[in-house]
Amino acid sequence: MQRLIPTGDAARPVAFAEVAQPVPEPGEALIKVQAFAPNRGETFLLENPWPELLPGKDIAGLVVQAAADGSGPGIGTRVVGHPAQGGWAEYASVPTHSLAVLPDGIDSARAAALPLAGITALRLLRTAVSLAGRRVLLTGAYAGSPYGCDLAALVSLVEQGRLHPEISSIAGWAQTADTLVDLRERRIRGKAVLLTGGAR
C-alpha cells in the first residue's frame, strides 16, 4: 500500500512509499482511509522527524477488517478515527476506542478534520466551570480549535436541559456532528452576509 513518510527535506517534507499493509492488534480495526487531516503539530514534527515517525492522527474511512476481540464497528461501517500515528496512508489500524461511526450526511473529508480539534476543544471545556447562562471567551478559537465555539454552545444547551447529546468521547463528537456542521454553516453564512451586505 501507499503511505506518506517524512523525508527530512523542508522543500518536500513527505513522499509516497510502498509499504506493507498494517496488521491490527486484537482491539484494533483496519480502516481504508478515505480522507485525512494534517495538524499543525504534525507539520512541526516533519521539520525534524525521528526515524519511526508516521504522521496521521485524524482520519475518516471504511472498516475493512473488524477488531478480532469483537469490539467496535463492523465491516463496511463508515467511521472517523484518531490513531496514535500512521493515518496518512491507504490503510490504518485504529483502536476501537478511538473510532466513531459517522452519521449519514457527513462526508469523509469533513469528518477527518474532527478528531484532534474536537478532542482539544472538549478537554478545554471540561476544565472550565459550568457554562449555563454564561458568556465564554475562547481566545484564538478559530486559529486553533474552531469546534470550541460550537461545543461551548452545545455544552450550555446540555446543562440547561435543552439538548442531551453524549459528548464525553470521540463517539459523542460524531453523534453531534450534524449539529456542529449546521452551527458552523449558519455562522459562516451570517459572516458572509455581514461582509457583503447580502440578504440572509
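Since this is a predicted model, take the numbers as computed values, not measurements.
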First locate atom [atom1] of [X], then atom [atom2] of [Y], and finally report the distance between them rounded to the nearest 0.5 Å.
X      : Y      : atom1 : atom2 : result
Ser108 : Leu102 : OG    : CG    : 6.0 Å
Tyr91  : Gln21  : OH    : CD    : 5.5 Å
Lys32  : Arg78  : NZ    : CZ    : 14.5 Å

Would you find a donor on one side and an acceptor on the other, under 3.5 Å apart, between the side chain of [X] and the backbone of [Y]?
X     : Y     : answer
Glu90 : Gln2  : yes
Thr7  : Arg12 : yes
Asn39 : Gly41 : no
Arg3  : Gly86 : yes
Lys57 : Gln85 : no

Indicate yes or no: at least one non-hydrogen side-chain atom of [X] is less than 4.5 angstrom from one of [Y].
X     : Y      : answer
Ile59 : Val79  : no
Val80 : Pro115 : yes
Asp58 : Phe36  : no
Glu28 : Pro83  : no
Trp50 : Leu45  : yes
Glu25 : Ser93  : no

Task: Candidate pair Phe16 and Leu4, rule side-chain contact (heavy atoms from CB on, under 4.5 Å), full reasoning - done: CA-CA 5 Å; Phe16 282 105; Leu4 284 170; 3.8 Å; yes
TODO: Group every Ile, Leu, Val, Met, Phe, Trp and Tyr by side-chain heavy-atom contacts under 4.5 Å, then state whether Met1 and Val14 land in the same group.
DONE: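 Looking at the clustering, Val14 is in a separate group from Met1.
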Tell me the closest heavy-atom pair linking [X] and [Y], and the distance in Å.
X     : Y     : result
Gly87 : Ala92 : CA-CB, 4.3 Å
Pro55 : Leu46 : CG-CD2, 4.2 Å
Ala66 : Pro73 : CB-O, 3.9 Å
Thr96 : Ser71 : OG1-OG, 2.8 Å

Task: Whether over 12 other heavy atoms sit under 6.0 Å from Asp9 CG - done: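 Counting neighbours around CG of Asp9, more than 12 heavy atoms of other residues, nucleotides or ligands fall under 6.0 Å, so yes.
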TODO: Any chance you could lay out the side-chain contact (heavy atoms from CB on, under 4.5 Å) test for Ile31 and Leu99, step after step, and finish with the verdict?
DONE: CA-CA 10 Å; Ile31 311 302; Leu99 288 172; 4.1 Å; yes
